[in-house]
Amino acid sequence: MDSLVVDHPLAAALLTTLRDERSDNAAFRYALRRLTQMLVYEAIRDAPVEQFEVRTPVATTIGVRLRQPPLLVPVLRAGLGMVEQAHALIPQARVGFVGLARDEKTFEPVPYLESLPDDLSGLPVYVLDPMLATGGSMVHTIDLLVARGATDVTAVCVVAAPEGVTALSESGHPVRLVTASIDDGLNEDKYIVPGLGDAGDRQFGPR
Ligand SMILES: O=P(O)(O)OC[C@H]1O[C@H](OP(=O)(O)OP(=O)(O)O)[C@H](O)[C@@H]1O
Ligand SMILES: O=c1cc[nH]c(=O)[nH]1
Ligand SMILES: [Mg+2]
């Protein structure tokens, strides 16, 4: 599986704000929005473009636009904090939604929302979720996408655990990963270490 770790001092500084337990909900949401902008900017760098004629006030020239704007899929709740910035960067994108809550005992994702177009063939999909821990939630989400014909999926995650990277890679799905960090691992509660805590709770408060 292809993976890109966005290595940039400004991204690292924003990730530090997210990791810092002293950052309150508002500071966390602000840093997440800004870091998402950098991750999506890098994720879309090699996307195919098409050319078209455009008139400036002076002359006619050749402009470019994305050949196929993607579908953005935030995984609720935590991915909600990423979708606004991603959509601002790619205003033509469509948006689908998946809602999952990880069971605190089994650590399996429990689905509660699925709002996706029926046919995803030929459409690049960007899944937005700050955390890739065991990988269960991301693999479940990509199962849904592949069942609808998706063949080109990018997982955009702020922090990934090596266990989640392995799970994604072994899923056999057509996915690549863009992240700001691959952390050390998971603790006994399957939280990423050092991580940043619960990305949903840190934006919206405890469930
Ligand atoms: O890789 P996994 O082990 O599946 O864990 C990652 C999932 O856990 C978090 O969501 P959570 O279930 O806490 O829901 P929330 O966004 O509502 O807080 C996170 O946003 C991912 O969706
Ligand atoms: O560290 C983790 C693991 C799962 N979900 C989170 O929000 N954080
Ligand atoms: Mg949570």
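Order of listing sets the numbers, starting from 1, for every ligand and every atom in it. All heavy atoms count here, side chains included; hydrogens, waters and symmetry mates do not.
- A salt bridge is defined here as a Lys NZ or Arg NE, NH1 or NH2 lying under 4.0 Å from an Asp or Glu carboxylate O, and Asp189 with Lys105 fails to meet this definition.
- Using a 4.5 Å heavy-atom cutoff, the side chains of Arg65 and Glu50 are in contact.
- By the 4.0 Å N-to-carboxylate-O rule, Asp20 lies close enough to Arg22 to be salt-bridged with it.
- Annotation: ligand 1 has protein neighbours Leu76, Arg77, Ala78, Leu100, Ala101, Arg102, Asp129, Met131, Leu132, Ala133, Thr134, Gly135, Gly136, Ser137, Asp198, Gly200, Arg207, each with a heavy atom less than 4.0 angstrom from the ligand.
- The pair Glu114-Arg148 counts as a salt bridge, with a side-chain nitrogen and a carboxylate oxygen less than 4.0 angstrom apart.
- Using a distance-only test at 3.5 Å, with no hydrogens or angles considered, no donor-acceptor pair links the side chain of Glu84 to the main chain of Arg33.
- Looking at Val193 and Leu186, their side chains never come closer than 4.5 Å, going by heavy atoms from C-beta outward.
- Taking 4.5 Å as the limit, every side-chain heavy atom of Val75 sits out of range of all side-chain heavy atoms of Leu128.
- Legend: protein N/O/S atoms lying under 2.8 Å from the Mg ion (ligand 3), waters omitted, number 2.
- Side-chain contact check for Ser23 and Arg29: no donor-acceptor pair (N or O, by modelled atom type) lies under 3.5 Å.
- Here Arg77 pairs with Asp201 under the salt bridge (Lys or Arg N to Asp or Glu O under 4.0 Å) rule; sequence neighbours left out.
- Among protein residues, Arg102, Met131, Ala133, Lys190, Tyr191, Ile192, Gly197, Asp198, Ala199 come within 4.0 Å of ligand 2, judged on heavy atoms.
- Residues Leu66 and Ile44 are in side-chain contact: their nearest non-hydrogen atoms beyond the backbone lie under 4.5 Å apart.
- Using a 4.5 Å heavy-atom threshold, the side chains of Leu14 and Arg34 count as touching.
- The shortest distance between side-chain heavy atoms of Leu123 and Arg94 falls below 4.5 Å.
- Using a 4.5 Å cut-off on side-chain heavy atoms (C-beta onward), Thr154 and Val175 make no contact.
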